[in-house]
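Both counts, for ligands and for their atoms, begin at 1 and track the order of listing. Just so you know, these numbers come straight off a predicted model, no measurement behind them.
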Amino acid sequence: MRTISHWIGGKPADGTSGRFGPVTNPATGEQTGQVALADAADVDAAVAAAVDAWASWRTTSLATRTRLLFSYRDLIERHKTELAEILTAEHGKVLSDAMGEVSRGLEVVEFACGIPQLLKGGYSEGASTGVDVYSIRQPLGVVAGITPFNFPAMVPLWMFPIAIACGNAFVLKPSEKDPSAALRVAELFSEAGLPDGVLNVVHGEKEAVDRLLTHPDVAAVSFVGSTPIARYVYETGTSHGKRIQALGGAKNHMVVLPDADMDLAADAAVSAGYGSAGERCMAISVVVAVGTAGDDLIPKMKERIAGLRIGAGTDPEADMGPLVTRVHRDRVAGYVDRGQDEGADVVVDGRGLVVQDHEEGFFLGVSLLDRVTPDMDVYRDEIFGPVLSVVRVDSYDDAMALVNDSRWGNGTAIFTRDGGVARQFQLDAKAGMVGVNVPIPVPVAYYSFGGWKESLFGDSHIYGPEGVHFYTRGKVVTSRWPDPHSRGVDLGFPQNR
Ligand code: NAD
């Protein structure tokens, strides 16, 4: 059986734990490989390789780093299809969606190519007589990234290209469910010329994560995953003196006002609700239909849902693939049962779908639940599957209250033709990313991505300018060169003259 190994010091490493986890193809249900699961000693080996590499990487010139990033960018571009195929084989998403994932990750590499500009400091000549002051940002050292199953290439690419461009060495702990893409992007960086040990990959679960969170040589950790683990990573990491950004789960609301372009809104709700089988942290999982919007929208959504084709991610006709694991598929299907028991109208029922020739695949059809209320579990929990709830409310204010009372605040969107209302919405929404007639407002790479409330623990959003800030720390230098006029002892607090 194929073994997916760690990547330490620029080469594959099997590790010493002797433990492995299964990797499956969600479309067939078959185990296709086994992934090495790191113990603390394996993590220590990866961190040691990063510490060694950092000694020279931190002073590698911006010119060299930039050239390397450009080469890496070209290599990813050339291997886009191969990477997308790896994603489809282990995650299950359809190939076109997987290509989109690689493209959005690539945009972060392109952003990192501008690192000389991004790391420029300030300079004040003559801040005091004969004294110049300048600011610089320096790398932290060894930083780690811990990533979720749903974007096995893009989320790692949100992190390490910027961290490494800033002069850090990196240890990545990807999801053990679909680990191959992370390994491949690391290999490609080596091929581009990255010195050994600057980027390392260790696979694993809690034991590996815990070692990274407590390792004295790890300066900072970026985490993306579910809310309970994000909170745990933030609390454990900060109590061990590390800088942490921990992005958590979501329940994104799409508010539809009666004046919206209903065809646009129906397209958006179906695309954003069921794309990638709802396994996106920016998926729309609640449509908040204001006034008559629900009656207009639901028939249009049903029409579109009827045209969706569900099949293996490699099938070019398929719009939606399977869910990541059997356990997750069954958990999501259980929410449709629960919604029904709680009194929601199951307008479209995705349970019991069987895809021909893929009977053992982890497929689930799409479900649309109408007349969901905020006290139901289907509303309150993050389902992370192809289940979309419609909550009907009387007014814009009721819709706004729902958005803002949610424990999560990742993304939210409003669909309307009224610019004034849209402006008010972006002003008042307690969420980190807002879409106006855009259902999945994932920021472009030169802005930063992150939510509010229980969707983010820590102060920094990820990638973009906040990413550069997170992976560096500031230093201000006040300098005076020997000048015969400024000699003499002065015990007073330094003043500017
Ligand atoms: P997860 O929290 O189960 O796993 C994320 C990472 O944490 C993985 O690397 C996993 O190995 C590790 N992990 C799991 N259990 C752990 C434990 N007990 N202790 C320490 N580490 C542990 O998340 P997932 O199921 O892989 O991904 C889906 C979740 O990620 C959803 O909640 C989704 O909303 C969220 N997500 C959020 C964003 C965002 O940007 N906010 C982006 C993508 C996914």
>> Test your reading of the structure: does Glu176 have an N or O sitting under 3.5 Å from an N or O of ligand 1?
In response: yes

> Any idea which atoms of ligand 1 are less than 4.0 Å away from a heavy-atom of Ile146?
Replying inline: 6 (C), 7 (O), 9 (O)

> Do any non-hydrogen protein atoms sit less than 4.0 Å from atom 4 (O) of ligand 1?
Replying inline: no

>> Out of all atoms in ligand 1, which are within 4.0 Å of some heavy atom of Phe384? Include the element for each.
In response: 28 (C), 31 (C), 33 (C), 34 (O)

> Given side chains that start at C-beta, do those of Val201 and Pro174 come closer than 4.5 Å, heavy atoms only?
Replying inline: yes

>> Looking at non-hydrogen atoms alone, which of Leu172, Asp210, Val233, Val209 comes nearest to atom 20 (C) of ligand 1?
In response: Val209

>> Just checking His253 against Tyr379, ring centres under 6.0 Å apart?
In response: yes

> Among Pro148, Gly411, Gly225, which residue places a heavy atom closest to atom 35 (C) of ligand 1?
Replying inline: Gly225

>> Using a 4.0 Å cutoff against the non-hydrogen atoms of Gly249, which atoms of ligand 1 qualify?
In response: 32 (O), 34 (O)

> Relative to the heavy atoms of Asn410, which atoms of ligand 1 are at a distance of less than 4.0 Å?
Replying inline: 41 (N)

> Among all protein non-hydrogen atoms, which one is nearest to atom 42 (C) of ligand 1, and what is the separation to 0.1 Å?
Replying inline: Cys281 SG, 2.9 Å

> Parallel, tilted or perpendicular for Phe449 and Tyr463, by the 30°/60° rule?
Replying inline: tilted

>> So that I know where these two stand, are Tyr446 and Phe111 an aromatic pair - ring centroids less than 6.0 Å apart?
In response: no

> Does Tyr232 reach ligand 1 with a nitrogen or oxygen that is under 3.5 Å from one of the ligand's nitrogen or oxygen atoms?
Replying inline: no

> Counting each atom of ligand 1 from 1 as listed, which ones have a heavy atom of Asn150 under 4.0 Å away?
Replying inline: 43 (C), 44 (C)

> Has the side chain of Arg331 got a donor or acceptor atom that lies under 3.5 Å from a matching backbone atom of Ile383?
Replying inline: yes

> Quick one: does Glu382 get an N or O within less than 3.5 Å of an N or O on ligand 1?
Replying inline: yes

> Taking N or O atoms only and a 3.5 Å limit, does Gly248 qualify as a polar contact for ligand 1?
Replying inline: yes

>> For atom 29 (C) of ligand 1, which of the options Gly451, Ala246, Ser226, Gly450 provides the nearest non-hydrogen atom?
In response: Ser226

>> Counting non-hydrogen protein atoms only, what is the nearest one to atom 40 (O) of ligand 1? Give residue, atom name and distance.
In response: Phe449 CE2, 3.0 Å

> Among all protein non-hydrogen atoms, which one is nearest to atom 26 (O) of ligand 1, and what is the separation to 0.1 Å?
Replying inline: Phe149 N, 3.0 Å

>> Under a 4.0 Å threshold between the charged nitrogen and the carboxylate oxygen, would Asp267 count as salt-bridged to Arg304?
In response: yes

>> Check this for me - ligand 1, Thr147, N or O atoms closer than 3.5 angstrom, yes or no?
In response: yes

> What is the closest protein heavy atom to atom 16 (C) of ligand 1, and at what distance does it sit?
Replying inline: Ile229 CD1, 3.6 Å

> Between the candidates Arg280, Lys206, Glu207, His328, which shows the shortest non-hydrogen contact distance to atom 19 (N) of ligand 1?
Replying inline: Lys206

>> If you define the side chain from C-beta out and look only at heavy atoms, does anything of Arg423 sit under 4.5 Å from Val436?
In response: no

> Under the 3.5 angstrom rule, does the side chain of Asp14 hit a backbone N or O of Ser5 as a donor-acceptor pair?
Replying inline: no

> Does an N or O from Val155, backbone or side chain, lie closer than 3.5 Å to an N or O of ligand 1?
Replying inline: no

>> Can you pull out every side chain to side chain donor-acceptor pair (under 3.5 Å) where at least one residue sits in residues 398-408? Sequence neighbours excluded, please.
In response: Thr227-Trp408, Ser395-Asp398, Arg407-Glu454

> Are Arg19 and Asp42 close enough for a salt bridge, meaning some N to O gap below 4.0 Å?
Replying inline: no

> Taking atom 7 (O) of ligand 1 as the point of reference, which of Phe223, Trp408, Phe151, Trp158 owns the nearest heavy atom?
Replying inline: Phe223

> Just wondering, do Val143 and Phe470 contact through their side chains at under 4.5 Å, heavy atoms?
Replying inline: no

> Aromatic rings Phe160 and Phe189: how do their planes relate, parallel, tilted or perpendicular, breaks at 30° and 60°?
Replying inline: tilted

>> A cation-pi test, strictly: NZ or CZ of Arg231 under 6.0 Å from the centre of the six-membered ring of Tyr234 and no more than 45 degrees from its axis. Yes or no?
In response: no

